[in-house]
Every structure is written in structure tokens, then in C-alpha cells.
Student: 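Here it is: the structure, laid out below.
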Amino acid sequence: MRGTRPPCDSDVLNERPLGRSFYFRPTLRVARDLLGKILVHASAEGCAAGRIVEVEAYRGPSDRAAHSAGGRRTPRTETMYGPPGHAYVYFVYGMHHCVNVVTRAAGVPEAVLIRALEPVAGVELMRLRRGFAAGPDWRLCRGPGSVCRALGLTRVHDGSDLVTGPLQILDASRVAAARVARTPRIGVDYAGAHAALPWRFLVVGSRAVSGTRARTGVA
DNA sequence: GAATAGATTGTCT
DNA sequence: GACAATCTATTCT
């Protein structure tokens, strides 16, 4: 059964959540298709949402950059091994959280990291959570750690069902191929040859995409 | 605008 | 004990 939409005021969110079948597909396709979709978190504090403009695919045992590299299975990575359409949230660098979307069948530890959003709802709440009073909206969810901070996501949300839970991804129009760029992934230099694979997808021209201008495609 | 350093702790060896 | 799918301030050009 398909879940109901979290309660949000913005008209921009007048779309249905993506169903399980969206996530039950090859990871690179899910990654590319996530661009333009709306990530929403309805919490007790309120609702916050943003349009996905940057993602990275992590492809299981054979991908040395993935947490599941070599089939590594620990309490932290357990969610990656679970069924598709769930959130894999982990803690890094002693201070940041990152959200992923689990893809493919249970037992196949692949996922897509959400790296950046363009805020579309709950901007004031995002500012509060980020401690970011002044400055442009497009800085609020720029980079995976910032996304979690702005949406109020922590490991409590690890394993949360994206189809029925308070954290969902709503459908939205597809980003045209001409606006999509692919590059190597960020921060995975330790992964040897796998570090060079073009598994980062971004919306060309979006200010919210992380990294320097040359990397974001902003003119 | 670009490069660099420092912060800070869970997770795995 | 080493390192990590990062962010921000600072210090340059």
C-alpha cells in the first residue's frame, strides 16, 4: 500500500510519494531519476522539503567506496542490506549525518547518497536547525551533512520507510538530460580505481550543488 | 573564487 | 588507535 503524504503547507508539495517500485531498480537509474524529486521530512517541529539536485550511487560489495565494500556487514551498514525504499542514515567525521536511499532487493547492499537540495518548504525551520539566520536559501542544504542538519535527520531515522514514513520522496517532473551532469564521487579518494567512476549526478547550474563552481556546472 | 586547516567521535581493526 | 561518503572559518589571490 502506498503511504500518505506528510502534512505540509506548501503547494509545491502537491505530489504523491514515490512507490516502492521506484527504488527497486538498478542503482544508477534510481540515482539519475532522483534528480528533481522532492525530499520531505514531516517532524513534530514542522515540515521541511527540498528538490534533489545532487546524488551519488554506491554499489555494494564490488564498490570499494561503499560502506558495504567487500560485503562488509555490520550494525551500521545493516540497513543497506534491507529492502528498497528505506533511509540509510549514518554518522561521519565525528559531527555529521548523511542520508541515503536504499535500492534493489533485500540482500543487495546498494544505495544513493543525497548530497544537496534546493529548499522548497520549511525554510525558516531549516534556518533554525542550521543556525543560519542570514544568507541565501541555496546554502541551506548544500552538501550531505547540511541536508541532514536542515531536515533534522539523525540515526533515529536510519531504516525509516520512505514509502510510508515521515520521511518521503515526492514525485516531480524529470530533469532533462541536457541539465544532468556526471562526475566522480566526492571524498572517496581512498577507493583506488573506483574513485574515478562517474557515479555522482547533479543538476547543472544549481547553486545548491556542493563543491566549487567548476564542479557544480554553474557558469 | 580557491586552497588549507581544524573540529570531533562512532566504527572497525 | 586510525580513519572517515564533511563543514566552516580563515587566509590567501
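These figures come from a predicted structure and were not determined experimentally. Side-chain atoms are counted along with the backbone in the values below, which use heavy atoms only and exclude waters and symmetry mates. Naming: A, B, ... by sequence-line order, numbering from 1 per chain.
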Student: Verify the stacking flag for A:Phe91 against B:dG10: centroid separation must be under 5.5 angstrom and the ring planes must differ by under 30 degrees.
Tutor: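 The base of B:dG10 is not stacked with A:Phe91 (the test needs centres under 5.5 Å and planes under 30°).
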
Student: Do the side-chain N or O atoms of A:Arg115 get closer than 4.0 angstrom to the phosphate oxygens (OP1, OP2) of C:dT6?
Tutor: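 So the side chain of A:Arg115 is within the cut-off, an N or O lying under 4.0 Å from OP1 or OP2 of C:dT6.
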
Student: At 4.0 Å (heavy atoms only), tell me whether A:Arg155 reaches a base, stays on the sugar-phosphate, or touches nothing.
Tutor: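 Counting heavy atoms under 4.0 Å across all strands, the contact made by A:Arg155 is with sugar-phosphate only.
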
Student: May I ask you to decide whether A:Arg185 forms a salt bridge with A:Asp63, counting only side-chain N to carboxylate O separations under 4.0 Å?
Tutor: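 Yes, A:Arg185 and A:Asp63 are salt-bridged.
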
Student: Atom CD of A:Glu54 and atom C1' of C:dA5: how far apart are they, to the nearest Å?
Tutor: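 It is 11 Å, rounded to the nearest whole Å.
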
Student: Which whole-number value in Å describes the distance from A:Glu110 CD to C:dA5 P?
Tutor: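 Result: 17 Å.
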
Student: Give the rounded distance in Å between these two atoms: CZ of A:Arg76 and P of B:dT9.
Tutor: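 It is 17 Å, rounded to the nearest whole Å.
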
Student: Taking atom types as they are modelled, is there a donor-acceptor pair under 3.5 Å from the base of C:dA5 to the side chain of A:Tyr90?
Tutor: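 A donor-acceptor contact between them is present.
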
Student: Rounded to the nearest Å, what distance is computed from the CD1 atom of residue A:Ile114 to the P atom of nucleotide C:dT6?
Tutor: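 Rounded to the whole Å, the gap is 14 Å.
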
Student: Taking atom C1' of B:dC12 as reference, at what distance in whole Å does atom OH of A:Tyr190 sit?
Tutor: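 Nearest whole value for this atom pair: 13 Å.
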
Student: What is the pairing partner of C:dA5, taking Watson-Crick or G-U wobble pairs with both distances under 3.5 Å in any strand?
Tutor: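 Here C:dA5 is not engaged in any pair, so there is no nucleotide opposite it.
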
Student: In this structure, how many angstroms lie between the C1' atom of B:dT11 and the CG atom of A:Asp158, rounded?
Tutor: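 My rounded result for the distance is 14 Å.
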
Student: Any side-chain N or O of A:Tyr93 less than 4.0 Å from the OP1 or OP2 oxygen of B:dG6?
Tutor: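 False: A:Tyr93 side-chain N/O out of range (4.0 Å or more) of B:dG6 OP1/OP2.
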
Student: Tell me: CZ of A:Arg142 to P of C:dA9, nearest whole Å?
Tutor: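 After rounding, the reported distance stands at 14 Å.
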
Student: I'd like to know whether the aromatic ring centres of A:Tyr90 and A:Tyr88 sit less than 6.0 Å apart in this structure.
Tutor: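 Ring centres of A:Tyr88 and A:Tyr90 closer than 6.0 Å.
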
Student: Please find out if less than 6.0 Å separates the ring center of A:His97 from that of A:His157.
Tutor: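 Aromatic pair excluded; centres sit 6.0 Å or further apart.
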
Student: Measure from the side-chain heavy atoms of A:Met95 and tell me the nearest of C:dT8, B:dA7, B:dT11.
Tutor: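 Output: B:dA7.
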
Student: State which of B:dA2, C:dT6, B:dC12 makes the closest approach to the side chain of A:Pro144.
Tutor: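 My answer, after comparing the listed nucleotides, is C:dT6.
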
Student: Assuming nearest nucleotide by heavy-atom distance, tell me which of A:His96 and A:Pro75 is located more 5' along DNA chain B.
Tutor: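 It is A:His96 whose nearest nucleotide is closer to the 5' end.
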
Student: Using the rule given for side-chain hydrogen bond (donor to acceptor under 3.5 Å, both in side chains), can you reason through A:Thr183 versus A:Arg200, listing the C-alpha separation, both sets of side-chain angles and the distance that settles it, and then say yes or no?
Tutor: CA-CA 5 Å; A:Thr183 78; A:Arg200 171 174 178 246; 3.0 Å; yes

Student: Less than 4.0 angstrom from a charged side-chain N to a carboxylate O is my criterion; do A:Glu45 and A:Arg129 meet it?
Tutor: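 Salt bridge: yes.
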
Student: According to the Watson-Crick and G-U wobble definitions, with both distances under 3.5 Å, which nucleotide is paired to B:dT8?
Tutor: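 WC or wobble partner does not exist here.
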
Student: Could you state the atom-to-atom distance from OH of A:Tyr88 to P of C:dA5 in whole Å?
Tutor: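 One finds 9 Å between P of C:dA5 and OH of A:Tyr88, rounded.
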
Student: Under 4.0 Å from OP1 or OP2 of C:dC7: is there any side-chain N or O of A:Ser146 that close?
Tutor: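 Checking A:Ser146 against C:dC7: at least one side-chain N or O falls below 4.0 Å of OP1 or OP2.
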
